[in-house]
Undergrad: 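Sharing a structure here in structure tokens format.
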2 protein chains.
Amino acid sequence: MLRLTTQRQVILEELNKVKTHPTANELYDMVRKRLPRIGLGTVYRNLELMAENGMILKIEVGGSQKRFDATTDSHYHIRCSQCGKVEDIDVPVITDLVKEASATSSYQIIGHHIEFTGICSECQKLLAESASHH
Amino acid sequence: MLRLTTQRQVILEELNKVKTHPTANELYDMVRKRLPRIGLGTVYRNLELMAENGMILKIEVGGSQKRFDATTDSHYHIRCSQCGKVEDIDVPVITDLVKEASATSSYQIIGHHIEFTGICSECQKLLAESASHH
DNA sequence: TTAAATAAGATAATTATTCTCATAATATTA
DNA sequence: TAATATTATGAGAATAATTATCTTATTTAA
């Protein structure tokens, strides 16, 4: 069983606080405010362990960094093409998809994930502003 | 307009030859058999440029490496959880999804991508073998 | 209450990718 | 067509993200 150390507890709590899905480094910055001596390696190690143990979700979407999600039940994500932020999106999970895919593929299908791409409201504003200055 | 140099032509041809979607490094190995003096940087640079020009597709799925696809029209992918290989999957594109997502999200939705996860037939065999040895 | 196991923090190593820059190939112009 | 400007290449350095190593600290179990 995975021991719930102070570090792990704080990482988990900080992850639960946000609705965006932070990268290991973002989480490190958040956690460091409460545990200033924690190492970046500890954050990486524990995020990985907690994901393996099904306590959190590791989401691998576009962009060069892995992101983490405190919600483990199946849902989809949207990523801002401007700032890279990733959030949940409220589109019902299509349960039939795996069945449908199994019919046409030689793979033994395990699951699926949908990643939407878009522009978040903050970036929409920024873009509108910079457009108005010509 | 993007000049069609020998290097670019060979990269494109090699990418067209395979149905899996190779990483830059895999493509480098393939291309190097025909152009032994080509640099890895050239492969990266040109894949990026060709993706920007819509000649190929850069696919950012799970796993730590970007992958490239000679087919540019919208379609979905499946990734083997064992070997990491990525291939096309023959599931019809759900055109309504973007509309549906727009209704519930503050994002300005641009598009979507579905990534299936599964075990490819080669890895299924390997797993069955290793299981039979207990 | 000491031995064994597990975890943390510091830092080195690795991996994937991007950048820089001198040279080479190609295109444009006088 | 030679001179010049433009663009691309190859080699290697630099960077970013992540993982591995290793010593010390903390926790658990005998």
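Just so it is clear: chains get the letters A, B, ... in the order the sequence lines come, proteins before strands, and each one is counted from 1. Quick note: numbers below take in every heavy atom, side chains included, and nothing from hydrogens, waters or symmetry partners.
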Undergrad: Does A/Asn25 CG have over 12 foreign heavy atoms under 6.0 Å away?
TA: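 It does: A/Asn25 CG has more than 12 such atoms within range.
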Undergrad: Separation of B/Gln9 atom CD from C/dA25 atom C1', in whole Å?
TA: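 From B/Gln9 CD to C/dA25 C1': 15 Å.
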Undergrad: A/Lys125: which residues meet the salt bridge (Lys or Arg N to Asp or Glu O under 4.0 Å) condition with it, sequence neighbours left out?
TA: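 None.
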Undergrad: Which residue pairs satisfy the salt bridge (Lys or Arg N to Asp or Glu O under 4.0 Å) criterion with at least one member in residues 64-77 of chain A, sequence neighbours excluded?
TA: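 As it turns out, the salt bridge (Lys or Arg N to Asp or Glu O under 4.0 Å) pairs with a partner in residues 64-77 of chain A, which skip direct neighbours, are A/Glu26-A/Arg67.
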Undergrad: Which nucleotide in the set C/dA7, C/dT17, D/dG10 lies at the smallest distance from any side-chain heavy atom of B/Gln7?
TA: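 So the nucleotide nearest the side chain must be D/dG10.
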Undergrad: Within residues 25-49 of chain B, which residues have any heavy atom lying less than 4.0 Å from an atom of DNA chain D?
TA: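 Correct list: B/Arg37, B/Ile38, B/Gly39, B/Thr42, B/Arg45, B/Asn46.
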Undergrad: Can you name the salt bridge (Lys or Arg N to Asp or Glu O under 4.0 Å) partners of A/Lys17, sequence neighbours left out?
TA: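 A/Glu14.
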Undergrad: Does the distance from a Lys or Arg side-chain N to an Asp or Glu carboxylate O, for B/Glu87 and B/Arg79, drop under 4.0 Å?
TA: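 Looking at B/Arg79 together with B/Glu87, the answer is no, because their closest N to O distance does not fall below 4.0 Å.
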Undergrad: Mind checking what makes salt bridge (Lys or Arg N to Asp or Glu O under 4.0 Å) contact with B/Glu52, not counting sequence neighbours?
TA: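 Salt bridge (Lys or Arg N to Asp or Glu O under 4.0 Å) check on B/Glu52 returns nothing, list empty.
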Undergrad: State, to the nearest 10°, the angle formed by the axis through the first five base pairs of the helix from C/dT1-D/dA30 to C/dA30-D/dT1 and the axis through its last five.
TA: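 Computed from the C1' atoms at both ends, the axes differ by 20°.
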Undergrad: Show every ring pair (Phe, Tyr, Trp, His ring centres under 6.0 Å) that has at least one partner inside residues 85-109 of chain A, sequence neighbours left out.
TA: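 Output for this query is empty, none listed.
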Undergrad: Show me the donor-acceptor pairs within less than 3.5 Å that the side chains of residues 91-99 of chain A make with the rest of the protein, sequence neighbours left out.
TA:
none

Undergrad: Reading nucleotides 25-30 of chain D 5' to 3', which nucleotides get B (base under 4.0 Å from a protein heavy atom), which S (sugar-phosphate only), which -?
TA: --SS--
Undergrad: Using whole Å, report how far CG of A/Leu2 lies from P of C/dA5.
TA: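 Atom-to-atom, A/Leu2 to C/dA5, this comes out as 18 Å.
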Undergrad: Determine which pairs satisfy ring pair (Phe, Tyr, Trp, His ring centres under 6.0 Å) with at least one residue from residues 20-44 of chain B, sequence neighbours left out, and list them in order.
TA: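 Counting only pairs at least two positions apart or across chains, the ring pair (Phe, Tyr, Trp, His ring centres under 6.0 Å) contacts touching residues 20-44 of chain B are B/His21-B/His77.
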Undergrad: Could you identify which residues of residues 50-60 of chain B place a heavy atom less than 4.0 Å from some atom of DNA chain C, listed by residue number, or say none?
TA: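 By residue number: none to list.
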Undergrad: Please identify each residue that fulfils salt bridge (Lys or Arg N to Asp or Glu O under 4.0 Å) with B/Asp29, with sequence neighbours left out.
TA: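 Here the qualifying residues are B/Arg32.
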